[in-house]
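For reference, the structure is listed below as structure tokens.
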Amino acid sequence: MREWFNQYAEAYPLITKLSIFIIVILLLLMIRRFALNRLYKQFNESDNWYVTRKIAKWMTNFILALTFIYIFGNDLSGFTTAIGLAGAGVTYALREVIVSFAGWFAIMFGDFFKTGDRVLLGGTKGDVVDIGLLRTTLMEMGEWVDGDQYTGRIVRVANSYIFTSPVYNYTADFKFLWDEIHIPLHFDTDVKLARKLVLEIAEEEIGTYNMQAEEDWDNMKRRYRIENASLKPQVFISFDDNWITLSLRYIVDTRERRAVKDRIFMSILERFNQHTDKIELASETFEIVRDETREERKQKL
């Protein structure tokens with residue numbers, strides 16, 4: 001049997017090498033699938049499952065590349081000159097691909113973002129669901145949907161954008177945002193009472209974030225050169241010709257921004273309705289004046 005195989009390999013070397021390579025591919029795929037099935041129960045409930053699948057895929061591809069070079073290495077020696085001459089043309093034609101691959105390398109080792117982060121990349125905002133060699137996949141939010149909620153579209157953005165445009169990460173080292181609510185009030189409103197009520201509501205809704213936010217902010221100060229910032233709710237007052245404006249500034253978890261704002265607005269309406277004799281919300285009004293005709297002006301004269 002062995003002699004027959006040797007004779008067949010000498011007679012048909014290319015078919016033999018190709019058959020061996022296909023067998024190696026099948027074996028590697030079977031081993032990878034078996035290993036992932038064994039690890040699925042252990043890592044499925046954690047964030048490590050995504051990383052485990054990626055590592056298994058990269059290792060398989062790397063082993064296949066080494067196997068291909070080992071099996072077909074002698075047959076590829078004649079292509080060295082042609083590859084060298086075509087190198088410049090291929091580099092120019094694939095410049096975007098090369099830059100995107102460099103972007104992937106920078107993302108993986110440059111701490112730009114990771115899967116699960118909420119980012120604004122290349123003008124598209126969303127949660128990172130996959131980081132490929134050439135493109136980053138986002139679950140889109142925004143567009144026609146307000147309040148930082150998903151649109152349902154999957155967007156793939158070229159990794160090269162990290163070199164040509166800013167990368168906004170909403171959840172990297174500090175997963176909180178500062179948000180604001182503006183409340184217009186009539187000039188005859190008891191401003192001190194309104195300010196007190198709004199601040200109490202904010203402290204009730206936001207108080208649970210303070211400890212975690214302070215811890216994250218301390219970690220930020222160790223890593224970056226930033227100043228101290230107030231993490232407690234604040235209320236500022238301003239006014240113009242139309243009304244007095246109360247501006248509530250508060251921190252909120254990036255992923256709960258809309259829900260928290262909804263609860264704050266509902267609480268404000270309920271509290272203000274209990275003090276209708278002292279607090280009145282303002283609204284923009286218009287006065288329509290009819291212009292007199294020429295005949296009407298003559299009659300007055």
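Remember, predicted model here, so these are calculated numbers, not experimental data. As a basis for the values below, the full set of heavy atoms in this structure was taken, side chains included, without hydrogen atoms, waters or symmetry mates.
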Check this for me: does any side-chain nitrogen of one of [X] and [Y] sit under 4.0 Å from a carboxylate oxygen of the other?
X: K175; Y: D216; result: no
X: E180; Y: K261; result: no
X: R255; Y: D127; result: yes

Short side-chain to backbone donor-acceptor contact, [X] and [Y], under 3.5 Å:
X: T189; Y: E280; answer: yes
X: N159; Y: L133; answer: yes
X: R195; Y: V235; answer: yes
X: D117; Y: V128; answer: no
X: S165; Y: Y161; answer: yes

Quick one: closest heavy-atom pair of [X] and [Y], and the distance?
X: T60; Y: R32; result: OG1-CD, 3.2 Å
X: T254; Y: R118; result: O-NH1, 3.6 Å
X: A194; Y: L185; result: CB-CD1, 3.8 Å
X: R135; Y: A158; result: NH1-N, 3.8 Å
X: I244; Y: H186; result: CD1-O, 4.1 Å
X: R257; Y: D148; result: NH1-OD2, 2.9 Å

TODO: Report yes if some heavy atom in the side chain of I131 is under 4.5 Å from a heavy atom in the side chain of F113; otherwise report no.
DONE: yes

- [ ] Report yes or no: is the cationic atom of K125 (NZ for Lys, CZ for Arg) closer than 6.0 Å to the six-membered ring centre of Y170, at no more than 45° off its axis?
- [x] yes

Do [X] and [Y] sit in one hydrophobic cluster, given that two such residues count as connected whenever their side-chain heavy atoms are within less than 4.5 Å of each other, even indirectly?
X: F236; Y: W178; value: no
X: I181; Y: M266; value: no
X: I237; Y: I201; value: yes
X: I31; Y: I63; value: no
X: M30; Y: I20; value: no

Open item on the list: Under the criterion side-chain hydrogen bond (donor to acceptor under 3.5 Å, both in side chains), I'd like the reasoning laid out for H182 against T245: C-alpha separation, chi angles, the key distance, then a yes or no.
Closed with: CA-CA 6 Å; H182 304 287; T245 301; over 6 Å; no

- [ ] Assert yes or no for the condition that the ring centre distance of W217 to F174 is strictly below 6.0 Å.
- [x] yes

- [ ] Please confirm whether F105 and F109 have ring centers closer than 6.0 angstrom.
- [x] yes

Task: Donor + acceptor pair across side chains of E140, T151 (<3.5 Å) - done: yes

Open item on the list: Show, in sequence, the C-alpha distance, side-chain angles and deciding distance for K232 and E203, and conclude whether the salt bridge (charged side-chain N to carboxylate O under 4.0 Å, His left out) test is met.
Closed with: CA-CA 8 Å; K232 296 182 179 181; E203 290 175 349; over 6 Å; no

Task: The single option from V191, D188, D190 passing side-chain contact (heavy atoms from CB on, under 4.5 Å) against K278 - done: D190

Task: Residues, nucleotides or ligands: over 12 heavy atoms within 6.0 Å of K221 NZ - done: yes

